[in-house]
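Heads up: the structure comes next, in C-alpha cells.
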Number of protein chains: 2
Amino acid sequence: MTEKIKIMIVDDHDMVRKGLKAYLSTEENIEIVGEASSGNQAVRSFESLRPEVILMDLIMEDGNGIEATKQILAKAPLMKVIILTSFYDDEQVFPAIEAGAMSYLLKTASSEEIIQAIHKAHRGKTVIDGKVAQKLVAGLRKSPQPFDQLTAREKEVLRLIADGKNNAEIAATLFIGIKTVKTHVSSIFSKLDVADRTQAAVYAYQNHLFTK
Amino acid sequence: MTEKIKIMIVDDHDMVRKGLKAYLSTEENIEIVGEASSGNQAVRSFESLRPEVILMDLIMEDGNGIEATKQILAKAPLMKVIILTSFYDDEQVFPAIEAGAMSYLLKTASSEEIIQAIHKAHRGKTVIDGKVAQKLVAGLRKSPQPFDQLTAREKEVLRLIADGKNNAEIAATLFIGIKTVKTHVSSIFSKLDVADRTQAAVYAYQNHLFTK
DNA sequence: GGTTCACTCAGACTTGGGACGGAGTAAAAA
DNA sequence: TTTTTACTCCGTCCCAAGTCTGAGTGAACC
C-alpha cells in the first residue's frame, strides 16, 4: 500500500471545490490537505499545508493562477501544479506553461481524467488536454509573427495608430518630426503587409496586440 | 411540511454538477430530478424530467444556455430558469435576461445564496448577483449608444471600414458609387464623433461591434 | 397630400496620408 | 574596422480621403 498523495485545491468557486472533493473523496490514494479560494491565499498557505500536488484555477478574483504558480514554484520548485480551467485560449496556455505548470486540464474533464492527471503529475509526468494541445501546436506554428519584426519605435507608433491618432499627434506624442513619423509608418506598413493606417489598426486589433 | 422543489442542473462541467449536488443534497426541501451536460440535451430532456427550477450554465459546448433558455421557455413559459455562470459581462447578461431568465448568479456564490435563489425563483422572485446588477445599471445608463444611431447602410459601411477597406473597395462591394460611400462615411464620422476612418475602425473594435 | 427619412449621386475644394529617394548619427555586431 | 541596424529628418510628388453644398428617388408615416 502506497502513501496517499496530498493535494491542495485552489479555486474561487466554492462549488467547484465541493465538486472536486466529491470527485476525489472516492479515491483511496488521494488526500485533500487544504484548499484556497484565491491565488494569493494559496501562496500564503501552501507551505503550512504541505501538499504534493496543487490543482489550480487560472481566473480568480484575488491573484490569478499564473502569478500564484510562479510564486509557489519560486519557493517550492518541485511542487507539481495542475492547471484546471475552463479556457483554452493561447493567452492563458502559454503563460501557464511558462510559469511552470506541470499539466493543463479543462474543467470539462471527467473524474477519471483528473485522478489520472494527479497520479501522473505526482510521478512527474505531464498531461495536456487534447484541445489545449491543439492550440499549443497551432500557436507554435504561427511563430513567424510579422509584429515581432517591428522595432521598438515602430511598435510605439503602431500603438498610437491603433489609438486613432494621426501623424501630427503621433509626432507630438513622441517628440519627433512628422517626417520621421511617416518613415516609421511606411516601414510598419511594409512589414505588416498592409496598405494604410486603417488596415494597420485593424491588424493590431485582430491580433490582440494592445489588449490591456 | 412543504413539497420538495424539483430542480434540474445544466452544466457541461461534470465537477460543477457534482459540486452543486453536494451543495443541494443537504437541503431537505430540494430534490434534483435531472441534469444535462449541454443546452441541447436540456431542451430535449426537461419535459420528461419535469423540473420546477432549472440551474443553467451559459457557456457550453453544445448549445449555449441562452438559446436553451429561450427554447425551454417557449415550451414551458412558467419554468423558472436561474443562470449560474462565471461571467458578468454585458454581452452575456442582457441576452440572458431577454431570454427570460428569472435570476442571474455567479459561480462564486455560496451554497446559501444558491439555495436562497432557488427558493425565491420558485416563488417567482428574481435574484441578481450584486456585480451583475452593477453591470446592468451601467449598461442601461450608457443607453444612448452612438452606434445605434447609424442606419442599416451606414452599419454596413462601418463594418467594411473596420475590415480595412478603402472607399473604392467599399463602393465595389456594395455596388454603389464612391461619392455615395463618401456620404455614408462622413455621416458615420459625425454620428460616432470621430475624425477619420481609422478612428471609426478603432471605435468599432473597442466597442466590440463586429466580433463574430 | 405633405412631411420625413434613408439612400443615392454630383461637383468643387482642401488636406493629410503615403511613396520614393536621399541622408546623417549612434550603437551594436561582425 | 567595417558593416549593419535603428532612429532620425528633409523635399517632392500624387492621390485618396474627407468637407460642403445641392439634389433626386422611393418608402413610410400622418
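All chains are named by letter (A, B, ...) in the order of the sequence lines, taking the proteins before the strands, and each is independently numbered beginning at 1. The structure displayed is predicted, hence computed values, not measured ones. The basis for the numbers below is simple: all heavy atoms, side chains too, and nothing from hydrogens, waters or symmetry mates.
B:Gln149 has its CD atom 14 Å from the C1' atom of C:dA6, to the nearest Å. In this structure, B:Asp196 places its CG atom 6 Å from P of D:dG18, rounding to the nearest Å. With rounding to whole Å, A:Ile188 atom CD1 is found 14 Å from C:dG17 atom C1'. As a whole-Å value, the separation of A:Glu156 CD from D:dA6 C1' is 12 Å. Nucleotide C:dC20 holds its C1' atom 12 Å from the NZ atom of A:Lys182, rounded to whole Å. One atom, CG of A:Leu192, and another, C1' of C:dG18, lie 15 Å apart when rounded to the nearest Å. Spacing between atom CZ of B:Arg197 and atom P of D:dG18 amounts to 5 Å, rounded to whole angstrom units. The interatomic distance linking A:Gln199 (CD) with C:dA19 (P) rounds to 11 Å, in whole Å.
Across every non-hydrogen atom of B:Ile54 and B:Pro51, the tightest pair is CG1-CG, 4.0 Å. Here the closest heavy-atom approach between residue B:Leu84 and residue B:Leu106 is recorded as CD1-O, 3.8 Å.
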Exercise. Can you check side chain to side chain donor-acceptor pair (under 3.5 Å) on B:Gln41 and B:Ser37, steps first, answer last?
Worked result: CA-CA 7 Å; B:Gln41 191 187 328; B:Ser37 61; 2.9 Å; yes
For this session: Begin from the C-alpha positions of A:Thr126 and A:Ser103 and carry the test side chain to side chain donor-acceptor pair (under 3.5 Å) through to its verdict.
Result: CA-CA 5 Å; A:Thr126 289; A:Ser103 294; 5.0 Å; no
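Counting only Watson-Crick and G-U wobble pairs whose two distances sit under 3.5 Å, DNA chain C takes part in these stems of three or more pairs: C:1-30 with D:1-30.
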Can you give each donor-acceptor pair under 3.5 Å made by side-chain atoms of residues 115-125 of chain A, sequence neighbours left out, with the distance rounded to 0.1 Å?
{"from": "A:His119", "atom 1": "ND1", "to": "A:Ile115", "atom 2": "O", "distance (Å)": "3.0"}
{"from": "A:His122", "atom 1": "NE2", "to": "A:Glu52", "atom 2": "OE2", "distance (Å)": "3.1"}

Would you mind writing out the side-chain donor-acceptor pairs for residues 8-17 of chain A within the sub-3.5 Å range, not counting sequence neighbours?
{"from": "A:Asp11", "atom 1": "OD1", "to": "A:His13", "atom 2": "N", "distance (Å)": "2.8"}
{"from": "A:Asp11", "atom 1": "OD2", "to": "A:Lys107", "atom 2": "NZ", "distance (Å)": "3.0"}
{"from": "A:Asp14", "atom 1": "OD1", "to": "A:Arg17", "atom 2": "NH2", "distance (Å)": "3.2"}
{"from": "A:Asp14", "atom 1": "OD2", "to": "B:Tyr23", "atom 2": "OH", "distance (Å)": "2.8"}
{"from": "A:Arg17", "atom 1": "NE", "to": "A:Glu35", "atom 2": "OE1", "distance (Å)": "2.5"}
{"from": "A:Arg17", "atom 1": "NH1", "to": "A:Asp11", "atom 2": "O", "distance (Å)": "2.7"}

Distance-only donor-acceptor hits, side chain of residues 177-187 of chain A, under 3.5 Å, sequence neighbours excluded:
{"from": "A:Thr183", "atom 1": "OG1", "to": "A:Lys179", "atom 2": "O", "distance (Å)": "3.1"}
{"from": "A:Ser186", "atom 1": "OG", "to": "A:Lys182", "atom 2": "O", "distance (Å)": "3.1"}
{"from": "A:Ser187", "atom 1": "OG", "to": "A:Glu154", "atom 2": "OE2", "distance (Å)": "2.6"}

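Contact annotation: A:Ser186 reaches the phosphate of C:dA19 (side-chain N/O to OP1 or OP2, under 4.0 Å). Residue B:Thr151 places no side-chain N or O under 4.0 Å from the OP1 or OP2 atom of C:dC5. Note on A:His184: a side-chain N or O is less than 4.0 Å away from OP1 or OP2 of D:dT8.
Contact check on B:Arg159 versus B:Glu156 returns no salt bridge, with no Lys/Arg side-chain nitrogen under 4.0 Å from an Asp/Glu carboxylate oxygen.
For residues 164-173 of chain B, every residue pair satisfying the side-chain hydrogen bond (donor to acceptor under 3.5 Å, both in side chains) rule, not counting sequence neighbours, is listed here: B:Asn167-B:Arg197.
Listed by residue number, the members of residues 165-180 of chain B with any heavy atom below 4.0 angstrom from DNA chain D are B:Asn166, B:Asn167.
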